[in-house]
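What follows is a short report on a single structure.
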Amino acid sequence: MTRVAVFDFDGTITRKDTLIEFIRFAKGSAALYWGMFVHLPWLVLMKLHLYDNSKTKERVFSWLFKGMSIEKFNEFGEKFYETKAEKLLLTDALKAINEHKQKRDKVVILSASIETWVQPFAFALQADGLLGTQAEIQNGILTGKFATNNCYGKEKVERLKKWIVENKIVEPYIIAYGDSRGDKELLEFANERYYKQFEQ
């Protein structure tokens with residue numbers, strides 16, 4: 001049996017939703033607020049469960065980042081980690097990750113956020129896997145679309161299953177940590193589950 005500790009990122013390992021924080025960091029507060037205003041109808045419908053979460057997120061992402069070079073986007077991701085990690089990361093979550101590593105459990109970060117800005121966090125935390133939403137790139141430029149399904153809800157379970165197979169884990173024992181509706185299916189899938197485990 002192989003123990004696999006799976007951590008949601010936003011709100012579980014971090015104090016805040018990093019999508020909002022990353023947009024503010026990369027584009028500025030004015031662009032963030034204007035982007036939210038422009039997309040307010042879709043955001044409201046999403047909150048009312050009348051419009052798809054993934055489509056709304058892709059609309060906002062496209063409006064803000066379409067046409068940016070992946071080189072620049074990656075640079076923002078690295079600098080975001082360097083300047084924001086200390087304030088964003090939850091001490092109790094870091095402690096839990098370290099405890100799992102000491103037990104030689106596999107540690108996977110599973111997030112709906114774009115992998116680009118989560119990657120530096122995953123590397124620093126010595127995670128064995130990072131599964132997130134991937135941005136589509138053509139000729140080194142962001143198209144504004146996603147290259148994968150938004151890693152949210154049941155998609156988290158599908159991505160985790162695929163990772164388990166790819167890593168040849170025959171008898172996984174899943175320990176999942178989450179904090180929101182987007183983690184519901186993951187928590188139900190796990191052998192052991194923790195909801196809002198860490199103090200903000």
Side-chain angles (χ1 to χ4, degrees), residues 5-36 39 53-91 93-94 97-98 101 106-152 155-156 159-160 162-163 166 177-180 182-183 186 198 200:
V6 185
F7 290 81
D8 165 59
F9 187 64
D10 295 300
T12 299
I13 295 177
T14 67
R15 300 177 190 280
K16 301 176 181 179
D17 185 329
T18 58
L19 172 61
I20 300 299
E21 294 304 307
F22 182 76
I23 292 171
R24 192 194 310 275
F25 178 81
K27 305 291 285 189
S29 294
L32 168 64
Y33 297 139
W34 181 242
M36 295 301 105
H39 294 88
N53 174 287
S54 300
K55 291 179 180 178
T56 303
K57 181 177 173 181
E58 192 174 53
R59 276 179 175 273
V60 174
F61 179 79
S62 180
W63 193 84
L64 288 159
F65 295 107
K66 181 179 179 181
M68 180 179 286
S69 72
I70 187 59
E71 182 180 2
K72 186 67 174 178
F73 193 61
N74 288 340
E75 183 180 329
F76 276 130
E78 291 289 343
K79 289 183 177 178
F80 179 67
Y81 169 77
E82 291 169 4
T83 59
K84 300 295 183 180
E86 188 174 349
K87 291 183 178 180
L88 282 173
L89 293 171
L90 290 167
T91 302
L94 299 183
I97 290 171
N98 287 331
K101 296 296 291 184
K106 299 292 185 183
V107 172
V108 176
I109 295 176
L110 190 51
S111 177
S113 282
I114 305 299
E115 283 187 6
T116 299
W117 69 75
V118 183
Q119 179 61 57
F121 290 85
F123 180 78
L125 296 172
Q126 298 182 321
D128 298 284
L130 167 60
L131 308 173
T133 305
Q134 296 176 2
E136 184 181 77
I137 305 160
Q138 289 185 0
N139 301 317
I141 302 296
L142 295 172
T143 68
K145 296 182 179 180
F146 296 154
T148 63
N149 290 331
N150 185 30
C151 196
Y152 176 93
E155 180 64 19
K156 286 191 172 184
R159 295 286 297 279
L160 179 59
K162 184 178 179 181
W163 184 88
E166 290 174 345
Y177 298 83
D179 79 301
S180 70
D183 304 314
L186 172 64
F198 310 119
Q200 295 290 327

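Positions are given from 1 along the sequence.
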Shortest non-hydrogen contact from [X] toward [Y]:
X: Glu155; Y: Asn149; answer: OE1-ND2, 3.3 Å
X: Gly144; Y: Ser62; answer: O-CB, 3.2 Å
X: Val118; Y: Ser111; answer: CG2-OG, 4.4 Å
X: Asp183; Y: Lys156; answer: OD1-NZ, 2.5 Å

Mind checking side chain to side chain contact (heavy atoms under 4.5 Å, CB included) for Ile141 and listing every partner two or more places apart, or none if nothing turns up? Ser69

Using the test side chain to side chain contact (heavy atoms under 4.5 Å, CB included), find all partners of Thr91 that sit at least two apart in sequence or belong to another chain.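 With neighbours one apart ignored, the set is empty.
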
Hey, what do you get for CD (Glu21) to CZ (Arg15), rounding to the nearest 0.5 Å?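 Answer for the CD-CZ pair, Glu21 versus Arg15, is 12.0 Å.
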
Pairwise distance CD(Gln134) to OG1(Thr148) - rounded to 0.5 angstrom: 5.0 Å

Output all residues satisfying salt bridge (Lys or Arg N to Asp or Glu O under 4.0 Å) with Glu115, sequence neighbours left out; order by chain, then residue number.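 Partners of Glu115 by the salt bridge (Lys or Arg N to Asp or Glu O under 4.0 Å) criterion, ordered by chain and then number, come out as Arg159.
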
So, using salt bridge (Lys or Arg N to Asp or Glu O under 4.0 Å) as the criterion, who are the partners of Glu75 when residues are at least two apart?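 Partners of Glu75 by the salt bridge (Lys or Arg N to Asp or Glu O under 4.0 Å) criterion, ordered by chain and then number, come out as Lys79.
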
All pairs passing salt bridge (Lys or Arg N to Asp or Glu O under 4.0 Å) where [range] contributes a residue, at least two apart:
range: residues 130-140; result: none
range: residues 63-73; result: none
range: residues 125-134; result: Lys101-Asp128
range: residues 139-148; result: none

Partner residues of Phe22 under the ring-ring contact (aromatic ring centres under 6.0 Å, His included) criterion, sequence neighbours left out: Phe65, Phe73, Phe80, Trp117

Sequence neighbours excluded, which residues qualify as ring-ring contact (aromatic ring centres under 6.0 Å, His included) partners of Tyr81?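 Partners of Tyr81 under the ring-ring contact (aromatic ring centres under 6.0 Å, His included) test: Phe121.
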
So, do [X] and [Y] sit near enough that their side-chain heavy atoms are less than 4.5 Å apart?
X: Lys16; Y: Asp10; answer: no
X: Ile13; Y: Asp8; answer: no
X: Thr12; Y: Phe198; answer: yes
X: Ile137; Y: Thr143; answer: no
X: Ile114; Y: Phe61; answer: yes
X: Lys106; Y: Trp163; answer: yes

Answer yes or no: does atom CH2 of Trp63 have more than 12 heavy-atom neighbours from other residues, nucleotides or ligands under 6.0 Å? yes

Please check if atom CD in Gln126 has more than 12 non-hydrogen atoms from other residues, nucleotides or ligands closer than 6.0 Å. no

Counterpart residues, side-chain hydrogen bond (donor to acceptor under 3.5 Å, both in side chains), relative to Gln119 (two or more places apart):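 Not a single residue meets the side-chain hydrogen bond (donor to acceptor under 3.5 Å, both in side chains) criterion with Gln119.
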
Please identify each residue that fulfils side-chain hydrogen bond (donor to acceptor under 3.5 Å, both in side chains) with Asp17, with sequence neighbours left out. none

Thr133 side-chain N/O to Cys151 backbone N/O, donor-acceptor pair under 3.5 Å: yes

For the backbone of Gly11 and the side chain of Thr14, can you confirm whether one donor and one acceptor N or O come within less than 3.5 Å of each other?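 At least one qualifying donor-acceptor pair exists.
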
Criterion side chain to side chain contact (heavy atoms under 4.5 Å, CB included) against Leu125, the qualifying member of Asn98, Val107, Leu130, Ile109: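 It is Ile109; the other options fail the test.
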
